[in-house]
Colleague: 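Structure below; questions to follow.
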Amino acid sequence: EPEVTQTPSHQVTQMGQEVILRCVPISNHLYFYWYRQILGQKVEFLVSFYNNEISEKSEIFDDQFSVERPDGSNFTLKIRSTKLEDSAMYFCASSGQGGTEAFFGQGTRLTVV
Amino acid sequence: GQQLNQSPQSMFIQEGEDVSMNCTSSSIFNTWLWYKQDPGEGPVLLIALYKAGELTSNGRLTAQFGITRKDSFLNISASIPSDVGIYFCAGQRGNRDDKIIFGKGTRLHILP
């Protein structure tokens with residue numbers, strides 16, 4: 001069964017450092033998303049990406065965040081200067097043309113120290 | 001903001017019991033989704049609902065899209081130990097590629 005894969009599974013970084021979270025969406029999907037989940041809380045939307053551009057972003061997705069699809073398979077989330085409050089699980093998701101349901105990856109646990 | 005109010009927050013039940021949880025919103029949703037999340041994993045879609053009034057089953061799970069499009073419930077019949085986890089309701093206001101808005105989750109515990 002096709003799946004969304006995310007790497008790394010766990011990343012520890014020092015405050016102020018840049019991190020890049022990587023995702024390989026399902027191969028024929030066209031819509032890509034990042035969500036985050038602070039420990040013990042609900043899953044929150046960050047950004048959606050379609051046709052090589054951001055289609056929507058939340059208020060969480062400020063200038064410190066950026067997304068990129070550098071090639072035909074990867075979808076990345078970059079946080080330029082991490083803060084302690086960026087510590088969370090980050091989930092990538094993708095969905096296909098015509099409105100198939102979004103599939104989520106296993107997540108990357110980001111710990112900022 | 002777009003809030004989904006999910007209840008209960010947590011449930012403690014005996015194995016074999018039926019479970020019911022629900023979600024309400026002040027806004028209309030075009031799609032209602034129910035996900036399960038196990039510890040350290042991503043949300044896994046259980047049931048998707050696309051039409052007001054729709055009742056859909058997936059094994060022991062049954063979910064309904066409320067007629068007002070502002071609520072949904074999920075029932076689990078004859079619970080088993082592997083049902084333990086967090087269940088999230090979620091919705092989409094636009095098309096199926098729209099962002100997903102999640103509720104705060106219902107944590108299900110099953111007593112031996």
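The sequence lines fix the lettering, A, B, ..., with proteins before strands; numbering per chain opens at 1.
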Colleague: Check whether Q106(A) gets within reach of chain B through its side chain, its backbone, both or neither, counting any heavy atom under 4.5 Å.
Modeller: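 When you check distances to chain B, atoms from both the backbone and side chain of Q106(A) fall under 4.5 Å.
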Colleague: Can any side-chain N or O of Y33(A) pair as donor or acceptor with the backbone N or O of I100(B) at less than 3.5 Å?
Modeller: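 The answer is no, because no donor-acceptor pair under 3.5 Å joins these two groups.
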Colleague: Within a reach of under 6.0 Å around CG of D63(A), are more than 12 heavy atoms found that belong to other residues, nucleotides or ligands?
Modeller: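 For D63(A), atom CG is not crowded (no more than 12 foreign heavy atoms under 6.0 Å).
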Colleague: Distance from E101(A) atom CD to T31(B) atom OG1, nearest 0.5 Å?
Modeller: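 Answer for the CD-OG1 pair, E101(A) versus T31(B), is 8.5 Å.
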Colleague: Hydrophobic clusters here meaning ILVMFWY residues chained together by side-chain heavy-atom distances under 4.5 Å, can you tell me if I54(A) and F75(A) are in one?
Modeller: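 Yes, one cluster joins them.
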Colleague: Distance check, rounded to the nearest 0.5 Å: K42(A) atom NZ versus I101(B) atom CD1?
Modeller: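 That separation rounds to 8.5 Å.
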Colleague: What distance separates K99(B) NZ from Y35(A) OH, expressed to the nearest 0.5 Å?
Modeller: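 Between K99(B) NZ and Y35(A) OH, I get 8.5 Å after rounding to 0.5 Å.
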Colleague: Q37(A) vs Q37(B), test: side chain to side chain contact (heavy atoms under 4.5 Å, CB included). Steps then yes/no.
Modeller: CA-CA 12 Å; Q37(A) 185 181 32; Q37(B) 186 179 32; 2.8 Å; yes
Colleague: Quick check on the hydrophobic clustering: are I79(A) and F32(A) connected, directly or via other members, by side-chain heavy-atom contacts under 4.5 Å?
Modeller: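 In one cluster: yes.
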Colleague: Determine whether Y31(A) and N95(B) satisfy the following criterion, side chain to side chain contact (heavy atoms under 4.5 Å, CB included), listing intermediate values before the conclusion.
Modeller: CA-CA 12 Å; Y31(A) 300 88; N95(B) 298 326; over 6 Å; no
Colleague: Do other residues, nucleotides or ligands put more than 12 heavy atoms under 6.0 Å from L39(A) CG?
Modeller: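 It does not: L39(A) CG has 12 such atoms or fewer within range.
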Colleague: On a heavy-atom basis, which atom in G42(B) and which in F91(A) lie closest, and how many Å separate them?
Modeller: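 Between these two residues, the closest heavy atoms are CA-CE2, 3.2 Å.
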Colleague: Counting heavy atoms not belonging to K104(B), are there more than 12 under 6.0 Å from its NZ?
Modeller: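 Open.
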Colleague: Mind ranking G105(B), P43(B), G40(B) by heavy-atom pairs under 4.5 Å with chain A and telling me who comes out on top?
Modeller: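 The candidate making the most pairs under 4.5 Å is P43(B).
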Colleague: Would V19(B) end up clustered with W32(B) when hydrophobic side chains under 4.5 Å apart are linked, directly or stepwise?
Modeller: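 In one cluster with V19(B): W32(B), yes.
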Colleague: Kindly check if the number of other-residue, nucleotide or ligand heavy atoms within 6.0 Å of NZ (K51(B)) is above 12?
Modeller: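 Atom NZ in K51(B) is not packed in, count stays at 12 or less.
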